[in-house]
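Just so it is clear: chains get the letters A, B, ... in the order the sequence lines come, proteins before strands, and each one is counted from 1.
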Amino acid sequence: MTYKRYTVTAALPYANGPIHIGHLAGCYLPADIYVRYLRLKGEDVLFICGSDEHGVPITIKAKKEGITPQQVVDKYHEIMGGAFREFGVSFDIFSRTSSKTHHETASGFFKTLYDKGVFKEEVTEQYFDEKANQFLADRYIIGTCPKCGNENAYGDQCEKCGSSLNPTDLINPRSTLSGEKPVLKKTKNWFLPLDKMQPEIEAYIDSHKEWKPNVFGQCKSWLNSGLQPRAMTRDLDWGVKVPIEGAEGKVLYVWFDAPIGYISATKEYLSPAGRAGEGLWELYWKDKETKLVHFIGKDNIVFHCIIFPAMLMAEGSYILPDNVPANEFLNLEGDKISTSRNWAVWLHEYLIDFKDKQDTLRYTLCANAPETKDNDFTWKDFQAKNNNELVAILGNFINRTLVLTHKYYNGKVPDAMEYTKNDILLLEEISKFPERIASSIEHYRFREALAELMNLARAGNKYLADNEPWILIKTDEKRVQTIMNISLQIVANLTVLMEPFLPFTSKKLGAMLNLNPGLKWKDAARTDLLLVRHQINPASLLFDKIEEEAITAQVQKLADSKKMNETANKTIEPSKPETSFDDFNKMDIRIGTILEAERVPKTDKLLKLLIDTGIDKRIIVSGIAAYYKPEDIIGQQVSILVNLAPRKIKGIESKGMILMAENSAGELGFIMPNKPSMNNGDRIK
RNA sequence: UGCGGGGUGGAGCAGUUGGUAGCUCGUUGGGCUCAUAACCCAAAGGUCAUCGGUUCGAGUCCGGUCCCCGCUACCA
């Protein structure tokens with residue numbers, strides 16, 4: 001099937017944090033490569049994105065920072081948009097879901113489905129936080145797990161025993177927003193009856209067996225377990241208002257609203273209200289000859305492959321996604337990327353730390369993209385890919401070719417006089433590259449496509465090494481002209497073929513070669529892009545080596561943020577259940593002094609202490625060796641639980657327990673009176 | 001717990017309908033000097049997570065087990 005035009009979307013990034021390398025590798029970079037390639041082919045393509053600005057987490061972030069949700073999304077919309085632009089992600093439009101067009105489009109879409117009687121209305125009881133005056137998502141309710149007694153189970157799942165829960169299962173539920181006990185309140189919501197739509201959804205999925213295994217498999221899994229109706233509205237005040245009577249205080253579910261953002265962004269771009277072109281957007285969403293492709297990360301698969309298509313089917317006039325090439329996740333230095341833990345390489349920071357090195361990051365992320373499974377980004381690998389591949393193979397081939405051309409011919413392209421048999425073989429080989437790379441890109445195999453591009457540069461290096469023009473120049477000047485002509489043609493072809501992957505470098509190189517900027521993808525199959533006597537400009541280096549210091553600095557930056565998190569960002573444990581004075585009084589806590597201290601052999605943490613409790617002198621084994629050296633704590637005053645049942649630890653009988661304060665980093669400290677008049681045996685109460 | 005994806009030489013990946021494992025980087029040795037000590041050639045390096053089965057023959061098919069990730073707050 002051939003298409004007249006393409007609508008390509010990249011997942012709307014959630015506007016509560018900046019963009020990091022995981023976003024890029026998973027979604028935006030492959031999408032951009034795909035789109036740039038299509039444009040080079042001369043296809044009619046629209047590249048759509050925008051920030052996703054609704055949903056509960058944004059309201060919570062706003063509350064935390066004491067600003068309005070609008071201020072939160074304004075801030076991140078700005079940061080993300082700027083970073084994308086500077087990184088060369090070539091969206092035709094980067095819109096936002098808080099825009100007027102979007103509110104109108106999304107609510108209109110909902111209204112259409114409502115009028116068609118698609119939705120099922122249902123009244124349910126949900127937990128409501130009276131203090132915060134809002135309904136609570138499952139995840140914002142914690143309480144005691146009915147199965148294992150864990151006091152901090154979430155409303156949807158207990159992380160201790162793994163059982164999945166309903167918020168109403170929790171014993172003693174509390175709101176994480178206010179800490180108050182939430183109340184059950186009736187609320188009406190509108191559900192998309194996915195259960196009824198299952199047959200047509202299934203037929204749709206089954207017609208796309210070519211989808212990536214992770215995508216197809218995930219869809220089948222959902223279908224096999226039977227689709228359930230899903231609420232498309234939420235009780236919240238931040239979002240697109242539900243456009244029907246009796247729905248005050250309700251907004252569209254973000255997952256209903258967000259994908260419609262693709263449509264509203266298209267409208268905004270092509271059909272500005274009241275201007276010519278009204279309705280043009282529909283070509284890109286409703287015409288059967290348009291190919292719709294969604295680039296997303298693996299967490300979004302069901303929404304894009306099942307729920308959004310179901311919405312489009314229910315509406316009736318839209319085309320369905322032709323493919324949803326979801327990538328897996330990128331890890332960073334062995335750990336999951338996390339916005340909240342600040343474990344990430346932020347794009348806006350990268351652009352400052354590695355100025356004008358967009359293409360290095362683009363190369364690294366593409367070469368190492370998590371296409372089939374999760375991958376790991378390491379700074380060391382980033383450095384290696386830059387130095388050993390971009391600099392040594394691609395940059396070097398181009399540089400040596402241009403340097404020789406200037407040296408021998410003052411920058412004028414020499415004539416190819418006579419081809420040898422090997423020349424002809426190489427020229428044939430070269431002409432196959434555009435086709436080969438194209439095929440990889442069209443099958444969403446971007447790593448493979450990039451590797452092929454590098455193979456062309458490798459072929460160039462080999463050609464130079466095999467033919468040694470720097471030696472022949474002394475004996476066979478004529479032959480050298482042909483060799484250099486061929487090498488230059490390879491450089492010209494590289495300029496075109498690298499554009500989707502390395503657009504900044506391509507532009508720079510094109511200027512160096514004085515190459516016609518209007519060249520198309522298919523031109524790269526030719527071997528005469530540079531005409532004889534064409535003048536090229538002075539050569540400069542396309543890539544610089546990245547030195548050790550730059551890498552160490554980045555690694556250090558990550559280490560710092562890890563440390564900061566451990567201390568600052570850890571949540572304070574909620575209080576234990578109420579206890580009685582009598583229970584407390586059963587504990588006999590006294591002041592004591594450490595008389596002797598020694599390490600317990602073959603252990604990391606234990607110290608054997610001799611304590612004067614005022615009552616007696618006794619041995620206590622305590623797990624504090626990581627924080628105190630034995631010799632430093634002799635004479636230290638401490639608090640001891642003296643009536644704790646004795647226990648053998650590593651063969652030593654420990655009678656009692658030293659009380660310690662523990663901070664969020666797990667660091668321990670003694671608890672002692674702050675007056676000198678307190679003596680051994682004095683009570684703590 | 002369930003479902004889905006993944007587990008291949010030091011690192012990152014290919015392995016099509018089953019026939020004694022390929023590529024890039026790194027490592028080692030050699031060559032070259034036009035080039036950012038870059039380039040070219042060669043070599044070493046894998047019981048294909050693990051156990052069992054089907055088969056003349058399995059990384060590739062079937063079954064069990066282990067590990068990582070997603071579906072499950074933030075999040076691609």
Undergrad: Is it true that the side chains of A/R458 and A/N455 contain a donor and an acceptor less than 3.5 Å apart?
TA: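 A pair is found: one side chain offers a donor N or O, the other an acceptor, under 3.5 Å apart.
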Undergrad: Find the distance A/E452:CD to B/C23:P and express it as a whole number of Å.
TA: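 It is 13 Å, rounded to the nearest whole Å.
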Undergrad: Consider only side-chain N and O atoms of A/K212 and A/N327, and report whether a donor and an acceptor are under 3.5 Å apart.
TA: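 Result is yes, a qualifying pair exists.
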Undergrad: For B/C32, does OP1 or OP2 lie under 4.0 Å from any side-chain N or O of A/K462?
TA: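 No, outside the criterion.
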Undergrad: Between A/F377 and A/W379, what is the ring plane arrangement, given parallel below 30°, perpendicular above 60°, and tilted in between?
TA: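 A/F377 and A/W379: perpendicular rings.
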Undergrad: Taking CZ from A/F329 and P from B/U72, how many angstroms apart are they, rounded to a whole number?
TA: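 Nearest whole value for this atom pair: 12 Å.
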Undergrad: Taking only the side-chain heavy atoms of A/K298 (C-beta and beyond), determine which of B/C71, B/C40, B/C69 contains the nearest atom.
TA: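 Selected nucleotide (nearest to the side chain): B/C69.
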Undergrad: For A/F446 and B/A14, what is the distance between atoms CZ and C1' respectively, to the nearest whole Å?
TA: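 So the two atoms are 17 Å apart, to the nearest Å.
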Undergrad: Could you work out the separation of B/G2 and B/A44 based on their P atoms and round it to a whole Å?
TA: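 Nearest-Å result for B/G2 against B/A44 at atom P: 45 Å.
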Undergrad: With C1' as the reference atom in both, quote the distance from B/G31 to B/C67 in angstrom, rounded to an integer.
TA: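 B/G31 and B/C67 have their C1' atoms separated by 45 Å.
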Undergrad: Measure from the side-chain heavy atoms of A/N461 and tell me the nearest of B/G6, B/C40, B/U24.
TA: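 Side chain of A/N461 sits closest to B/C40.
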Undergrad: Where the side chain of A/N399 is concerned, which of B/C74, B/U24, B/U36 is the nearest nucleotide?
TA: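 Selected nucleotide: B/U36.
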Undergrad: Taking the six-membered ring for Trp, are A/Y350 and A/H20 closer than 6.0 Å centroid to centroid?
TA: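 Here the rings of A/H20 and A/Y350 have centres that are no less than 6.0 Å from each other.
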Undergrad: Among B/U72, B/C34, B/G7, find the nucleotide with the atom closest to the side chain of A/K373.
TA: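 Shortest atom-to-atom distance from the side chain points to B/G7.
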Undergrad: With a 4.0 Å cutoff (strictly under), does any side-chain N or O of A/R400 reach OP1 or OP2 of B/C39?
TA: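 Indeed not, no polar side-chain atom of A/R400 lies that close.
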Undergrad: The side chain of A/P213 is closest to which nucleotide in this list: B/U24, B/G6, B/C40?
TA: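 The answer is B/G6.
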Undergrad: What interatomic distance, in whole Å, is found between C1' of B/U17 and the corresponding atom of B/U36?
TA: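 About 48 Å, rounded to a whole number of Å.
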Undergrad: What's the closest nucleotide to the side chain of A/N16 if the choices are B/C74, B/G5, B/U24?
TA: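 So the side chain of A/N16 is nearest to B/C74.
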Undergrad: Please report the distance separating the P of B/G57 from the corresponding atom of B/G12, rounded so that it comes out in whole Å.
TA: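 Pairwise P distance, B/G57 against B/G12, rounds to 34 Å.
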Undergrad: My understanding is that a pair needs two contacts under 3.5 Å, Watson-Crick or G-U wobble. By that rule, which nucleotide pairs with B/U47?
TA: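 The base-pairing partner of B/U47, which may sit in any strand shown, does not exist here.
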Undergrad: Which one of A/H54, A/R230, A/R234 satisfies the side-chain hydrogen bond (donor to acceptor under 3.5 Å, both in side chains) criterion with A/Y253?
TA: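 The residue from A/H54, A/R230, A/R234 that satisfies side-chain hydrogen bond (donor to acceptor under 3.5 Å, both in side chains) with A/Y253 turns out to be A/R230.
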Undergrad: With heavy atoms under 4.0 Å as the rule, sort A/K212 into base, sugar-phosphate or nothing.
TA: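 No contact.
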Undergrad: Check the distance between B/C23's P and A/E371's CD and give it to me in whole angstrom.
TA: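 Rounding to the nearest Å, CD of A/E371 and P of B/C23 are 20 Å apart.
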Undergrad: Base, sugar-phosphate, or nothing: which does A/T401 touch, judged by heavy atoms less than 4.0 Å apart?
TA: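 Touches nothing.
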Undergrad: Looking at B/A35, B/G5, B/G70, which one has an atom nearest to any side-chain atom of A/N214?
TA: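 Selected nucleotide: B/G5.
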Undergrad: I'd like the C1' distance from B/G53 over to B/G10, given in whole Å.
TA: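 Between the two C1' atoms, the distance is 34 Å.
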Undergrad: So, A/E328 and A/N214: side-chain donor and acceptor under 3.5 Å apart, yes or no?
TA: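 Present: a donor and an acceptor within the cut-off.
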Undergrad: Report which part of the nucleic acid A/E448 touches: base, sugar-phosphate, or nothing (heavy-atom distance under 4.0 Å, all strands).
TA: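 Nothing: the residue A/E448, judged by heavy atoms under 4.0 Å, touches no strand.
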Undergrad: Look at atom CD of A/E435 and say whether more than 12 heavy atoms of other residues, nucleotides or ligands are closer to it than 6.0 Å.
TA: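 12 or below, so no.
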Undergrad: Any side-chain N or O of A/N388 below 4.0 angstrom from OP1/OP2 of B/G26?
TA: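 Answer is yes, contact under 4.0 Å.
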Undergrad: Classify A/L330 by what it touches in the nucleic acid, base, sugar-phosphate, or nothing, heavy-atom distance under 4.0 Å.
TA: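 Answer is base: heavy atoms of A/L330 come under 4.0 Å of a base.
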Undergrad: Considering Watson-Crick and G-U wobble pairs with both distances under 3.5 Å, what does B/G2 pair with?
TA: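 Here B/G2 is engaged in a pair, and the nucleotide opposite it is B/C71.
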Undergrad: What nucleic acid atoms does A/F295 come within less than 4.0 Å of, heavy atoms only: base, sugar-phosphate, or nothing?
TA: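 Nothing, no nucleic acid heavy atom in range.
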Undergrad: With both distances kept under 3.5 Å, what pairs with B/G10, Watson-Crick or G-U wobble?
TA: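 Because both required distances fall under 3.5 Å, B/G10 counts as paired with B/C25.
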Undergrad: May I ask you to say what A/A451 touches in the nucleic acid, namely base, sugar-phosphate or nothing, with a heavy-atom cut-off under 4.0 Å?
TA: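 Nothing: the residue A/A451, judged by heavy atoms under 4.0 Å, touches no strand.
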Undergrad: Select base, sugar-phosphate, or nothing to describe what A/L29 touches, counting heavy atoms under 4.0 Å on all strands.
TA: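 Result for A/L29 = nothing.
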Undergrad: Touch check for A/P13, heavy atoms < 4.0 angstrom, all strands: base, sugar-phosphate only, or nothing?
TA: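 Sugar-phosphate: the residue A/P13, judged by heavy atoms under 4.0 Å, touches backbone atoms but no base.
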Undergrad: Please give the distance between the P atoms of B/C48 and B/A58 as a whole number of Å.
TA: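 To the nearest whole Å, 12 Å.
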Undergrad: Provide, to the nearest angstrom, the distance between the CD1 atom belonging to A/I60 and the P atom belonging to B/C74.
TA: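 So the two atoms are 9 Å apart, to the nearest Å.
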Undergrad: Return whichever of A/L541 or A/Y14 has its heavy-atom-nearest nucleotide of RNA chain B closer to the 5' end.
TA: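 Nearest nucleotide further toward 5': that of A/L541.
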Undergrad: Would you tell me whether A/T420 and A/D423 have side-chain atoms, one donor and one acceptor, within less than 3.5 Å of each other?
TA: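 There is such a pair (donor and acceptor under 3.5 Å, judged by atom type) between the side chains of A/T420 and A/D423.
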Undergrad: For B/C39, give the paired nucleotide (Watson-Crick: N1-N3 plus N6-O4 or O6-N4; G-U: N1-O2 and O6-N3; both under 3.5 Å), or none.
TA: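 Partner of B/C39: B/G31.
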Undergrad: Does the side chain of A/S540 get closer than 4.0 angstrom to OP1 or OP2 of B/U36 through an N or O atom?
TA: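 The answer is no; no side-chain N or O of A/S540 sits under 4.0 Å from OP1 or OP2.
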Undergrad: In whole Å, measure the gap between the C1' atoms of B/G46 and B/G59 for me.
TA: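 That atom pair is separated by 11 Å.
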Undergrad: If the C1' atom of B/G29 is compared with that of B/G63, how far apart are they to the nearest Å?
TA: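 That atom pair is separated by 48 Å.
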Undergrad: In this structure, how many angstroms lie between the P atom of B/G5 and the CG atom of A/D374, rounded?
TA: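 After rounding, the gap between these two atoms is 14 Å.
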Undergrad: For A/L464 and for A/F303, find the nucleotide of RNA chain B with the closest heavy atom, then tell me which residue's nucleotide is more 5'.
TA: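 Taking each residue's closest nucleotide, the earlier one in sequence belongs to A/L464.
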Undergrad: Once you round it to whole Å, what is the distance between P of B/C71 and CG of A/N300?
TA: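 Distance check: A/N300 CG to B/C71 P gives 9 Å.
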Undergrad: Please give, in whole Å, the distance from B/C41 P to A/I393 CD1?
TA: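 Taking CD1 of A/I393 and P of B/C41, I get 11 Å after rounding.
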Undergrad: Taking the six-membered ring for Trp and the single ring otherwise, decide whether the centroids of A/Y444 and A/Y34 are under 6.0 Å apart.
TA: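 Between A/Y34 and A/Y444, which both carry aromatic rings, the centre distance is below 6.0 Å.
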Undergrad: Indicate, with a heavy-atom threshold strictly under 4.0 Å, whether A/K545 touches base, sugar-phosphate, or nothing.
TA: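 The residue A/K545 makes base contact.
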